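Keep in mind that what you see is a predicted model, and the values were worked out from it rather than measured. Positions are given from 1, in the same order as the sequence printed here. These values consider heavy atoms only, across backbone and side chains, with no hydrogens, waters or symmetry-generated copies.
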Amino acid sequence: MSSGEEDVVFRALADPTRRLLLDRLFEREGRNLHELEAEVPGMTRFGVMKHLRSLEAAGLVVSRKVGREKLHYLNAVPIQLIRDRWVSRYSLPRAMALSGLKSDLEGGTAVMAAKPEQVYQVYIKSAAEQVWDAITKPEFTSQYFYGARVETTGETGATIRYHSPDGTQLWGDDVVIEADRPRRLVMGWRSLYDPELAAEERSRVTWEIEEQTGGVCRLTVIHDQLEGAPKTAASVSGGWMFIISGLKTVLETGEPLRLGPPIRS
């Protein structure tokens, strides 16, 4: 993320109304304009729309058309990218410990509710084919997907498996539901690295790659059909931010973003 992009994020976060809208989307995502308008008493519909446009411009909110409605989702990836710049993997445990202590002393910890649909988006300075390869080839996933090595041809109906770094465990085993190289990959998802998550119903992950001007691609990841997998929803809600920011780092710098083991609920 460039300094100019960071400036846009910081400016968006500086406004208290925008922070309020992000708080409400944190509590429950997939809200339409009418629902968000009700959260800001005294502000016109146009005013709320203006704030949402600023949040979208900063990448902090992603909007998707679902049926006849336009729904808004919190996208924390830009904040994750900023954190990756200033919080090293060595200081992160200390920062998290102090943050948890502060929350406990002030009356409890904040827990992000599991969502039936999660949407994440990031812009990557890379060609669409390179983004596709980063999703479907083990030499890439091993650098950003918690060390997992993917095994798939990326074709519709093919299996897609994720192996642990040492190859002794199968972390994921499902199928490619739909493939349109290098634009769209839809796959089943079941987390096998945790018995409780493995016992839940299968969910779905969609990768959408859209080429933009200037040699940039917009990558959108949608994890849905989570109604029968609430523990999985809670587990992956933080994990996807690490994965997507790590993918961006690998493609733009050639260097891996070192992360910990898969997040468990």
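Of all heavy-atom pairs spanning Leu226 and Gln118, the tightest one is CD1-NE2, 4.2 Å. In terms of heavy-atom proximity, Glu29 sits nearest to Leu74 at OE1-N, 2.6 Å.
Although no hydrogens or angles enter the test, the distance criterion places a donor-acceptor pair under 3.5 Å between the side chain of Arg19 and the main chain of Ala14. Judged purely by atom type and a 3.5 angstrom limit, Ser126 has no side-chain atom pairing as donor or acceptor with the backbone of Leu251. Asp180 contributes no side-chain N or O that, together with a main-chain N or O of Arg183, makes up a donor-acceptor pair within less than 3.5 Å. Of the possible donor and acceptor atoms, none in the side chain of Thr220 sits under 3.5 Å from a partner among the backbone N and O of Gln121.
In this model, no donor atom of one side chain and acceptor atom of the other lie less than 3.5 Å apart for Ser203 and Gln225. Side-chain atoms of Tyr73 and Glu117 include a donor-acceptor pair closer than 3.5 Å. Counted by atom type alone, Arg149 and His163 present zero donor-acceptor pairs between their side chains at under 3.5 Å.
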Pair Leu192-Arg190, side-chain contact (heavy atoms from CB on, under 4.5 Å): steps then yes or no: CA-CA 6 Å; Leu192 301 183; Arg190 210 155 53 90; 3.8 Å; yes
Full working for salt bridge (Lys or Arg N to Asp or Glu O under 4.0 Å) between Arg28 and Glu39: CA-CA 12 Å; Arg28 182 170 63 82; Glu39 299 287 355; 5.9 Å; no
Intermediate values then yes/no, salt bridge (Lys or Arg N to Asp or Glu O under 4.0 Å), Lys125 and Glu252: CA-CA 6 Å; Lys125 193 168 183 57; Glu252 291 187 345; over 6 Å; no
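In this structure, CG in Leu22 is found 12.0 Å from NE2 in His72, a value given to the nearest 0.5 Å. Atom CH2 of residue Trp171 and atom OH of residue Tyr146 lie 9.5 Å apart, to the nearest 0.5 angstrom. Atoms CD and CZ, from Glu208 and Arg184 in turn, are 5.0 Å apart once rounded to the nearest 0.5 Å.
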Enumerate donor-acceptor pairs with a distance under 3.5 Å from any side-chain N or O in residues 132-140 to protein atoms, sequence neighbours excluded.
| unit_1 | atom_1 | unit_2 | atom_2 | d |
| --- | --- | --- | --- | --- |
| Asp133 | OD1 | Arg181 | NH2 | 3.2 |
| Thr136 | OG1 | Trp132 | O | 2.9 |

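For the side chain to side chain donor-acceptor pair (under 3.5 Å) test with Arg161, the passing option among Asp173, Thr152, Asp174 is Asp173; the others fail. Each of Val77, Val205, Val122 was evaluated against Val221; a single residue qualifies, Val205, per the side chain to side chain contact (heavy atoms under 4.5 Å, CB included) test. Remark: of the listed residues Leu13, Val8, Asn75, Leu13 is the sole one forming a side chain to side chain contact (heavy atoms under 4.5 Å, CB included) with Leu60.
Looking only at side-chain heavy atoms (C-beta outward), Glu200 and Pro230 come within less than 4.5 Å of each other. Side chains of Leu71 and Arg64 form no contact here, defined as non-hydrogen atoms less than 4.5 Å apart. Contact annotation: the side chain of Leu20 never approaches that of His51 to less than 4.5 Å [non-hydrogen atoms, C-beta and beyond]. Using a 4.5 Å heavy-atom threshold, the side chains of Glu155 and Val176 count as separate. The shortest distance between side-chain heavy atoms of Ser235 and Asp194 does not fall below 4.5 Å. Residues Ile244 and Lys248 fail the side-chain proximity criterion, which asks for heavy atoms closer than 4.5 Å. Counting heavy atoms from C-beta outward, Glu151 and Thr159 have side chains that stay 4.5 Å or more apart. Looking at Leu36 and Leu25, their side chains come closer than 4.5 Å, going by heavy atoms from C-beta outward.
Annotation: ring pair (Phe, Tyr, Trp, His ring centres under 6.0 Å) contacts of Trp189 (sequence neighbours excluded): His223, Trp240.
Taking 4.0 Å as the cut-off between side-chain N and carboxylate O, Arg24 and Glu27 count as a salt-bridged pair.
Note on Trp207 and Val216: separate hydrophobic clusters, where clusters join Ile, Leu, Val, Met, Phe, Trp and Tyr whose side-chain heavy atoms are under 4.5 Å apart, directly or indirectly.
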